[in-house]
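Take a look at the structure below.
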Amino acid sequence: MEKIVSLCKRRGFIFQSSEIYGGINGFWDYGPLGAELKRNVKDAWWRTMVHQRDDVAGLEATIIMAPQIWKASGHLDTFSDPMCDCLLTKKRFRADQVEPSSGSAYWYLGALTMEDSEELGRRGCNPALIHILEAFLIQVNPEGQNLSPNWDAFAPFAKALLLAKPGVLVELEQFAQRRFDPNEAGELMAAVIKQNGVKMISEPYAVLLPAGKPPESARKTAIQFYSQRGYGKVFLLGERTEKIEDSQRFNPENGSLLTAPRPFNLMFKTYVGPVESEDSVAYLRPETAQAIFAQFKNVLETSRQKVPFGIAQTGKAFRNEVTPRNFTFRSREFEQMELEFFIKPDEAIEALCGQVASVADSQPSTSNPQPNWGWEVWHKYWVEQRIKFYEDIGLARTTLEEYWQKPEELAHYARACVDILFKFPFGTQELEGIAARSDFDLSQHQRFSGKPMTVFDEELKAAWAKLKKTKQDELWRRYFEARKRYLGKMGLEAEKATGQARADADGLAKGWYVPHVIEPSAGVDRLILALIASAYAEEETTDEKGKTETRVVMRFHPRIAPVKVGVFPLLKNKPELVKKAQAVRDLLRPHMTVFYDEGGAIGRRYRRQDEAGTPFGVTIDFDTLGEKPELLDTVTLRERDSMQQIRVKISELLPLLLGKIR
Ligand code: GAP
């Protein structure tokens, strides 16, 4: 991975954002080659998903939208990750991603400052109590060594305390008899200290030590923890130990206890307009999808599409990730390419076609979409389409995996979800999710906005009227139950949910329904990282003089390569060669990205382009100028991966290259 990160910076694919100021975690900039690569990838997606289909229309919506959208979508209430902080360093972790650790945990009930312990004495506290206190306070020198672990001194003083303050701590006697359970001792001391009107720092803390580490190091860390809270020199209270196995409650880097996990909403908040108040709060979109749902009706009405059809959008999304990591894989600002493909509910398909096609008897990748496809076949179809897309831009099928989420992993509204995973250098991880989201999203926006999201289907109305009564009843009931289930889950009281679901099912019988949706949702940045990782290759080569060297080559598919062709005059100081090379550059430039390079040895120029992933190199030499008359107006075309060179007529160069890069 380090080699890839270093190449990305060295060759201008990806830079750290704000690098001159030390960077900003989770944000990345794309340099000259990265910007081209990204553009090519997004164009390829748009071409495949929108231009090459009749049934998908595009959308370009704003990043900031009405905050009610995020209420309806559920993001305001549930779009959060469990987060915890190191109590010592404040470093933040995603609670479910903390590396589990084992060992002995040293727990402390709290601490007492030096001044407060002296104050106890000044208040005329019974001398016996002071002794007890001293016995219990773990006095530690700055190296963390315990100076007086004088637990055995406790019993006689406990008795003395009882005499001095009868009735104060009745359980003390029993405690003294049981001798010294440090946990109880700590609690007891806390009570004694409080009772004497002195504040103790009653904040429990723990340090996990791996086997073999001395307890002093836990004490040292604990003292550091309490001192950092502004208490100066402290005595630790109530030390006890506990064996711990595979726990995620401790910072794996320093053993410090972490805070309890708490939900952290990932949406970036901002204010619209000059007044920063609750009324002007808005959010940077955490996904591009919601705008598609919000504009569903407008697109439907203006694009002359009919269900089934899709709306596609690419664009920025923002998530305040707790722990951005793995280079650009988990960023705080990233781009998505999302399609919401709207389909009829299965009950409508059954009314129209008599039967819903099953996955087993349809072959989505080879057949064209059919009217009898229900959500399952459409979902499978999109999984296959998306995998084909990845293969078409150069990701080998062997680097991809499908992960079908288990029923217990699915969101409550989802019927199925497949993650397309890529074998990244740091592990096999999600590239894209393809979810069958039922009619949840449009139904939510219908409820929250009060605007109907239903569509009318004349054919459905006619087909329904021709169904037998028993079939009508069966389909009506299924639709009614599904709508009632959804409304119930959304918190509608039973009577209202039943009434609304009945109206929805009556609507279906008249040709009205809320479309269901299949959502292939991909991340541009993850795809760029996957393409870079899969393109990176190092190989041993031998030059004409027999010298071996390592060639770094980015084997991008020509379709997405940032630069398609390098154009090189053999020598820079021969004006005829330069002039001809510039003419070739100008011939190709309107049709593809060309990098013109006249500096340095030709071998070095090839290597530079190999590292940039440029699939073709065109060299203009003396034969081009007619040194060998039969080669006049021909150039050398070098292919990046094989390094083979062929002679091509300039007049044939453009169609030849266009054929290879499209
Ligand atoms: N509308 C559905 C949705 O947004 P998601 O699984 O949260 O689903 C879809 O995101 C894709 O967006 C992911 O598969 C991934 O490629 C990309 N993505 C999500 N969070 C990301 C992040 N923090 N950094 C980079 N890409 C991210």
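These numbers come from a predicted model, not from an experiment. Counting starts at 1 for both ligands and their atoms, in listed order. In what follows, every heavy atom counts, from backbone to side chain, and hydrogens, waters and symmetry copies are set aside.
- When non-hydrogen atoms are compared, ligand 1 lies under 4.0 Å from the side chain of Ala289 (C-beta onward) but not from its backbone.
- Of the heavy atoms in Arg332, none comes closer than 4.0 Å to ligand 1.
- For Phe595, the ring-ring contact (aromatic ring centres under 6.0 Å, His included) criterion is met by no residue, not counting sequence neighbours.
- In the vicinity of Glu321, heavy-atom distances shorter than 4.0 Å reach the ligand 1 atoms 22 (C), 23 (N).
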Please lay out, stage by stage, how Tyr513 and Tyr479 fare under the test ring-ring contact (aromatic ring centres under 6.0 Å, His included). CA-CA 10 Å; Tyr513 60 85; Tyr479 195 70; 8.0 Å; no
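- The shortest heavy-atom distance from Leu431 to ligand 1 is under 4.0 Å.
- Near Glu519, with a cut-off below 4.0 Å to any heavy atom, the atoms of ligand 1 are 1 (N), 2 (C).
- Nearest-heavy-atom check against atom 5 (P) of ligand 1 across His75, Glu432, Arg319, Glu287 picks out Arg319.
- With values rounded to the nearest 0.5 angstrom, Phe424 atom CZ is found 10.0 Å from Ser534 atom OG.
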Let me see the working for Asp504 and Gln500 under side-chain hydrogen bond (donor to acceptor under 3.5 Å, both in side chains), right down to the final yes or no. CA-CA 6 Å; Asp504 292 342; Gln500 181 58 57; 3.0 Å; yes
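- Taking the charged nitrogens against the carboxylate oxygens, Glu60 and Lys316 have no contact shorter than 4.0 Å, which rules out a salt bridge.
- Near Ser331, with a cut-off below 4.0 Å to any heavy atom, the atoms of ligand 1 are 22 (C), 23 (N), 24 (N), 25 (C).
- For Gln336, a nitrogen or oxygen atom sits less than 3.5 Å from a nitrogen or oxygen atom of ligand 1, counting backbone and side chain alike.
- Closest protein heavy atom to atom 13 (C) of ligand 1: Glu430 OE2, 3.3 Å.
- Counting the atoms of ligand 1 from 1 in the order shown, those under 4.0 Å from a heavy atom of Glu338 are 1 (N), 2 (C), 3 (C), 4 (O).
- Of the charged side-chain nitrogens involved, none lies within less than 4.0 Å of a carboxylate oxygen, so that Glu459 and Lys344 do not count as a salt-bridged pair.
- Here the CZ atom belonging to Phe296 is positioned 5.5 Å from the CZ atom belonging to Phe342, to the nearest 0.5 angstrom.
- Remark: Arg262 pairs with Asp85 by the salt bridge (charged side-chain N to carboxylate O under 4.0 Å, His left out) rule, at least two apart or across chains.
- At under 3.5 Å, not a single nitrogen or oxygen of Ala522, backbone or side chain, sits near a nitrogen or oxygen of ligand 1.
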